[in-house]
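For reference, the structure discussed in these notes is given below.
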Amino acid sequence: MVSPLISGRKSYTTFVVLVIISQVCNGFYLPGSYMHTYSTGDEIYAKVNSLTSIETELPFSYYSLPYCKPRGGIKKSAENLGELLMGDQIDNSPYRFRMNINETVFLCKTPPLSEYEVKLLKQRTRDMYQVNMILDNLPAMRFTDQNGVKIQWTGYPVGYSPPNSNDDYIINHLRFRVLVHEYEGAGVEIIGTGEEGMGVISEADNNKASGYEIVGFEVVPCSVKYDLDEMSKLHLYDNITSVSCPQELDKSQVIREQERVSFTYEVEFVKSNIKWPSRWDAYLKMEGDRVHWFSILNSLMVIFFLAGIVFVIFLRTVRRDLTRYEELDKEAQAQMNEELSGWKLVVGDVFREPSHSKLLCVMVGDGVQITGMAVVTIVFAAFGFMSPASRGMLLTGMILLYLFLGIAAGYIGVRMWRTIKGSSEGWRSVSWSIACFFPGIVFVILTLLNFILWGSKSTGAIPLSLYFILFLLWFCISVPLTLVGGFLGTRAEPIQYPVRTNQIPREIPARKYPSWLLVLGAGTLPFGTLFIELFFIFSSIWLGRFYYVFGFLLVVFTLLVIVCAEVSVVLTYMHLCVEDWMWWWKAFYASGSVALYVFLYSINYLVFDLQSLSGSVSATLYLGYSLLMAVAIMLSAGTIGVLSSFYFVHYLFSSVKID
């Protein structure tokens, strides 16, 4: 009677957990900036970010093209560490909006286009560069119809090249649709996490806060050929008659030498029921919920399969052997020692120091640092603390977390070194290596890529001042904290081995197949957990889409950790059963080999899904960043694998009474 009750209770608990997870997977987010309310007639100026393209992945400054400049000159907005590393360059613009006033406005007329400007405009047009405009911290959104399907984009193109024409046409007229919500000042609290800091609207501010808030920003780009004589009489912000987007090419503005381009825009304010905290929902809609759930169910099947194997190992093999062994008297045990087989034969070698033990400790330390950074970042993002309105906040948070988790990396790495060596001698060298190993790899790869970006004059190039700041953060925060963690590791209680190691190593029997083949094959199981989510992450990074299903990512990451641990434990047991006591590095690469499949998948994505990516420069940047991600995944997954295997082997041999 008890068993069915327990089974029913477990089923109910599982059901409740799945319901909670499904709610978290939908996620929520904090609005990200202080709510601005505007009165009728208030002026709001749009900002412009770097020009971006999914064909080249090289961002360029907005004012590198002959666009209209603001009256007071170009002023850059303050940018955080993440924005600078992502190549964002946010400048002011001449585009002025007056709350609730619909108007069509003249901006400027360019001087005759030079040969260089024409060449640049044509190149940017054919490379499908997008202009990224921001109003009240909302990116401009546009909609297109493709085969009857409405597709949403952020930004608008620099120009377009008709299929049956050799000419290129510039976008010089913009039709803006600004969605506004009337705010009555209901005394609500608004908490922000973005560049505007944190703000609260209290009851005392009701009268002051009443007005209109911007909840949507849409744009329809057009190319219009104007009469030069009429445009010559106009000045900045002069009103003109409303313009409809022409369908005929002869009425569009061609990109040609000595052409003078007139820029205009039209503004329409539309009242909306969308409330300010929900205004980002339109940007964060991500299709494919069923695909995410399929990925999770697929991962659960892998986990249950591996868990079944581990269960069999523990209950049917290990436990049975240990129970039989413990029930024997000393004389029978001595006789049994001579007849031992399988994993029990390597009892005197299983904790022998691995080759390149210092490198293993360094990689485990860095893996702990990367894993900790990933866990905290994904958890915070899943619970809505990484608002998309705060550009660069996610990357900035990851960097700061990595720096401060140096103390954990130093502690784990040095404690493992002390366990393997039996003493603390050389812990400073291990700590320094931990502090410099992964950051050194990142520095080398980013520097090589940065030379490419500098040569292309892209805003994605890291400026020398930022290099200096990163070095300061590295050597003033990460390195000292890693050394502190290493010192604490020397003071912690050492992990005692349950058995003694023989002086002479045992010979490992020859095998029919190489062990590295099994190790490489093991990486396919963690990759099977991860690869569907990888598609969405790659699409977000390389196709300019918003990724905000961190709830799903949290679940997938949790399943990945479990699979990595189970794969390494099973593989370690299999090697011990064939009397192979050299399990340390095999356990690391059993789960760490998932990085190889991630990198191969990134190449597959480049060839089949990023067909628009053009040029060797763009491909080199893509492969460089993919390699960086693969190294981080290898260190993280490998660390999970080797630590899980260590505690498994420690538990396994702690019950053996062989001396």
Side-chain angles (χ1 to χ4, degrees), residues 302-326 340-355 357 360-361 363-365 367-368 371 412-413 415-420 493-501 506 508 515 518-519 521-523 525-526 529 558-594 634-658:
V302 174
I303 283 176
F304 287 135
F305 172 72
L306 291 171
I309 296 176
V310 175
F311 182 78
V312 169
I313 290 172
F314 272 107
L315 295 188
R316 297 195 59 184
T317 308
V318 178
R319 269 299 176 194
R320 184 184 62 192
D321 289 351
L322 292 177
T323 303
R324 283 177 53 205
Y325 189 81
E326 289 170 357
L340 290 177
S341 62
W343 59 270
K344 295 178 283 295
L345 283 170
V346 296
V347 67
D349 297 274
V350 70
F351 290 108
R352 189 175 300 281
E353 179 183 343
S355 59
S357 56
L360 180 65
C361 294
M363 293 174 79
V364 167
V368 166
T371 306
I412 299 295
R415 194 173 185 198
M416 187 175 181
W417 169 259
R418 191 181 177 197
T419 300
I420 292 173
E493 280 292 322
I495 300 172
Q496 299 293 336
Y497 290 148
V499 292
R500 288 194 298 182
T501 302
R506 180 185 180 85
I508 299 173
S515 59
L518 192 60
V519 170
L525 292 172
T529 306
T558 304
L559 299 180
L560 178 66
V561 170
I562 297 171
V563 171
C564 285
E566 290 178 343
V567 161
S568 290
V569 166
V570 171
L571 202 76
T572 298
Y573 181 75
M574 290 173 65
H575 279 98
L576 293 178
C577 284
V578 294
E579 302 174 36
D580 185 353
W581 46 266
M582 300 176 68
W583 58 271
W584 295 88
W585 282 107
K586 294 182 180 72
F588 184 91
Y589 285 115
S591 51
S593 60
V594 66
M634 180 196 70
L635 293 173
S636 177
T639 296
I640 294 165
V642 76
L643 291 180
S644 302
S645 294
F646 175 80
Y647 284 106
F648 165 73
V649 173
H650 192 279
Y651 170 79
L652 183 62
F653 285 90
S654 62
S655 303
V656 178
K657 297 179 180 177
I658 301 176

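None of these values were measured; they are calculated from a predicted model. For this chain, numbers begin at 1 and follow the sequence in order.
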task: Calculate, to the nearest 0.5 Å, the distance between atoms NE2 and CG belonging to H575 and L518 respectively.
output: 5.5 Å
query: Going by heavy atoms in the side chains, are Y497 and I420 under 4.5 Å from each other?
result: yes
- prompt: Hey, is the main chain of V642 close enough, under 3.5 Å, to the side chain of S645 for a donor-acceptor pair?
  reply: no
- prompt: Considering only heavy atoms from C-beta outward, does the side chain of L576 approach that of F653 to under 4.5 Å?
  reply: yes
query: Is V368 close to L635 at the side-chain level, that is, under 4.5 Å between some pair of heavy atoms?
result: no
query: To the nearest 0.5 Å, how far apart are SG in C361 and CE in M363?
result: 11.5 Å
field: Side-chain heavy atoms of P498 within contact of H650, under 4.5 Å
entry: yes
- prompt: In terms of ring plane angle, is the pair W584 and F646 parallel, tilted or perpendicular, where the classes change at 30° and 60°?
  reply: tilted
message: Would you compute the distance between atom CD1 of I640 and atom CZ of F588 and round it to the nearest 0.5 angstrom?
response: 10.5 Å
query: Can you name the nearest heavy-atom pair linking S644 to V569, along with the distance?
result: O-CG2, 4.0 Å
message: Does either side chain, that of S568 or that of S591, offer a donor lying less than 3.5 Å from an acceptor on the other one?
response: yes
- prompt: When rounded to the nearest 0.5 angstrom, what is the spacing between CG in D349 and CD1 in I508?
  reply: 8.5 Å
field: Rounded distance (nearest 0.5 Å) linking atom CE of M416 with atom OG1 of T639
entry: 8.5 Å
task: Please say whether the positively charged group of R352, taken as NZ for Lys or CZ for Arg, lies over the ring of W581, i.e. under 6.0 angstrom from the six-membered ring centre and within 45 degrees of the axis.
output: yes
- prompt: Are C577 and Y573 close enough that some pair of their side-chain heavy atoms sits under 4.5 Å apart?
  reply: yes
Spatial distance of atom CD1 (I495) from atom OG1 (T419) [nearest 0.5 Å]: 4.0 Å
- line: Tightest non-hydrogen contact, residues V567 and A522, listed as CG1-CB, 3.5 Å
query: Any side-chain heavy atom of K586 sitting closer than 4.5 Å to one from T572?
result: no
- prompt: Between T529 and L560, which heavy-atom pair has the shortest distance, and what is it?
  reply: CG2-N, 3.9 Å
query: Between R506 (side chain) and V350 (backbone), is there a donor-acceptor pair under 3.5 Å?
result: no
